[in-house]
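Shown next, in structure tokens, is the structure this report addresses.
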Amino acid sequence: MAPIILQVALGLSLMASLLLLPLFYFLVITKRTSSHKTKLPPSPPKLPLIGNLHQLGSLPHRSLASLSKKYGPLMLLRIGEIPTLIVSSADMALEIMRTHDLIFANRPLLKNAEILLYSCMDMAFSPYGEHWRQLRKLCTLHLLSTKRVQSYQLAREEEVAFMVKNITQCSLLHAPIDMSEVLFSFVNDIICRLVSGKFLREGGRNHFFREAIEEFVILLGGFRVEDYFPSLAWLEGWFLGLSKRAKRAFKRWDDVLDEVIKEHENRDKKDDGEEDFVDVLLSLQKDPNMDFELKKEHIKAILLDMFTAGTDTSYVVLEWAMAELVRNPNIMKKLQDEVREVTTKSETISEKNLNTMTYLKAVIKETLRLHPPAPLLVQKESTKDCYIKDYFIPKNTRVTINYWAISRDPKYWDAPDEFRPERFINSSIDFRGNDFQFIPFGAGRRGCPGMQFAMSTVELALANLVYGFEWELARGATKEGELDMTEAPGLTSRMEKKLMLFATPICA
Ligand code: HEM
């Protein structure tokens with residue numbers, strides 16, 4: 001009797017298990033996978049409507065770095081209505097810009113970029129896709145290639161000599177020199193010359209470009225309601241004049257670029273042998289081997305990218321480098337010794353002298369680490385759902401890489417807040433996008449294509465500044481004997497106060 005009861009009991013329990021198995025699977029396994037699917041990165045508490053907007057502050061790279069100490073290197077914020085992933089460690093940056101680079105190669109569509117850049121027909125703000133690929137190929141092959149950058153050696157040397165002459169003249173007045181102004185004009189002039197021609201100073205065109213670039217950068221970095229609250233886009237037209245301001249800025253640029261292009265088209269032949277970007281783009285437009293149609297709007301959008309991405313970045317590096325050098329006399333002395341060892345006879349340092357200057361390169365790297373021109377790089381946007389370290393990142397999430405936090409991470413850098421160029425001597429760490437603790441130019445598909453272009457200008461300028469002059473802080477430029485190193489808010493991170501210095505020419 002007992003075995004029959006046992007058999008029946010066993011049979012029943014087997015049947016029950018068979019019946020319950022799918023239910024178990026449904027309840028447990030699917031629950032586990034769905035919670036896995038929705039395990040989002042940690043988020044600080046949000047306020048209704050604005051989300052985490054109030055936590056950004058005026059210097060978001062600093063506020064976000066503090067938040068990430070509490071919430072980790074991958075945080076999900078809601079800025080207004082927009083989910084935004086904040087990445088604050090080298091490991092996580094690698095996940096975004098190498099492991100999942102393709103998914104994060106898109107840029108969010110921002111309203112002012114759309115107005116100013118011919119519906120984002122440029123390279124920097126263009127969505128990832130065929131158009132971006134074509135422009136990127138064109139720019140890296142024809143405008144920013146090693147050969148093209150080298151071909152501008154004479155232009156760079158002439159512009160540096162012009163800046164040195166100006167500083168010498170100012171120094172004779174024994175008055176403090178506004179180095180922020182001098183450096184911005186220098187970088188602006190060099191970009192204007194290489195982009196639109198040698199006659200940049202004619203009719204004060206360089207002054208127009210300068211003013212227009214500043215306005216452009218303010219507009220691109222400006223807060224637009226519809227970029228963060230798409231459902232409130234209708235408010236924009238009522239309350240804020242940003243659209244009007246952006247349209248005005250666009251019209252001014254568009255007219256000048258039309259003029260520049262027309263002048264180049266009407267010029268019979270090149271009289272000086274210096275082929276600027278407009279010349280290159282116009283000849284490519286006629287090239288039958290081009291695999292896409294290069295329209296006038298494309299040319300204008302590319303030129304705008306070059307003017308803006310090229311100026312506000314290189315200038316910022318020179319400004320911070322000079323500031324760090326004057327507040328660190330030992331480092332200044334060491335750099336001057338290196339540069340002056342090469343030559344003391346010629347008036348200026350030429351590019352061929354730069355190769356052996358390892359300390360100069362270390363000073364520039366350290367400046368790019370401690371004072372990156374783009375502390376939050378440039379925003380990206382995901383085009384697919386994906387997982388990063390078990391966290392689910394939904395499609396259309398915006399991504400901000402907080403490079404400022406990464407480049408001061410004590411995990412990678414000793415005394416991270418100190419300016420110590422020596423850390424780069426005998427170190428293989430480089431900014432080409434392979435060492436993710438040091439990515440001032442970004443990395444991956446959307447990494448900066450102007451790196452070489454920028455470095456050639458910055459190295460030559462800095463070598464000449466320290467070669468030809470002794471530098472001193474102007475009185476009144478200091479805060480309790482210390483130079484005020486506060487950063488100004490904005491898309492790029494300039495010094496908030498102007499850098500006022502005394503220069504004494506060494507040959508004086
Ligand atoms: C020290 C100087 C410079 C720094 C620190 C810098 C930094 C950067 C950064 C961080 C990005 C975004 C990278 C990313 O999304 O991963 C970028 C993109 C870009 N940069 Fe630079 N840049 C500099 C100079 C230049 C120059 C001189 C040019 C051109 C003349 C230039 C042209 C561009 C363009 C066109 C992009 C957009 C690339 C794309 O979206 O495909 N940059 N730069």
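In listed order, ligands and their atoms are each counted from 1.
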Value rounded to 0.5 Å, distance of CD in Q379 from CG in L491: 10.0 Å
Under 3.5 Å side-chain donor-acceptor pair for Q452 and S456: no
Shortest protein contact, atom 6 (C) of ligand 1 (heavy atom only): F441 CD2, 3.6 Å
Min heavy-atom dist W132 to ligand 1 below 4.0 Å: yes
Heteroatom distance test (T313, ligand 1): nitrogen or oxygen, under 3.5 angstrom: no
Test: R148 cationic atom under 6.0 Å from F277 six-membered ring centre, within 45° of axis: no
Contact atoms of ligand 1, heavy-atom distance to R136 under 4.0 Å: 38 (C), 39 (C), 41 (O)
Residue A454 vicinity, atoms of ligand 1 by number, heavy atom under 4.0 Å: 1 (C), 2 (C), 24 (C), 27 (C)
Atoms of ligand 1 close to G450 [distance to a heavy atom under 4.0 angstrom, numbered from 1]: 26 (C), 27 (C), 28 (C), 31 (C)
Modelled atom types, side-chain donor and acceptor of D484 and T486, under 3.5 Å: yes
Interfacing atoms of ligand 1 (cut-off 4.0 Å, heavy-atom, A443): 16 (O)
Sub-4.0 Å atoms of ligand 1 with respect to non-hydrogen atoms of K380: 14 (C), 15 (O), 16 (O)
Close-contact set for ligand 1 against M306 heavy atoms, below 4.0 Å: 29 (C), 30 (C)
Numbered atoms and elements of ligand 1 in range of P373, under 4.0 angstrom, heavy atoms: 5 (C)
Pair R98-N434, side-chain donor/acceptor within less than 3.5 Å: yes
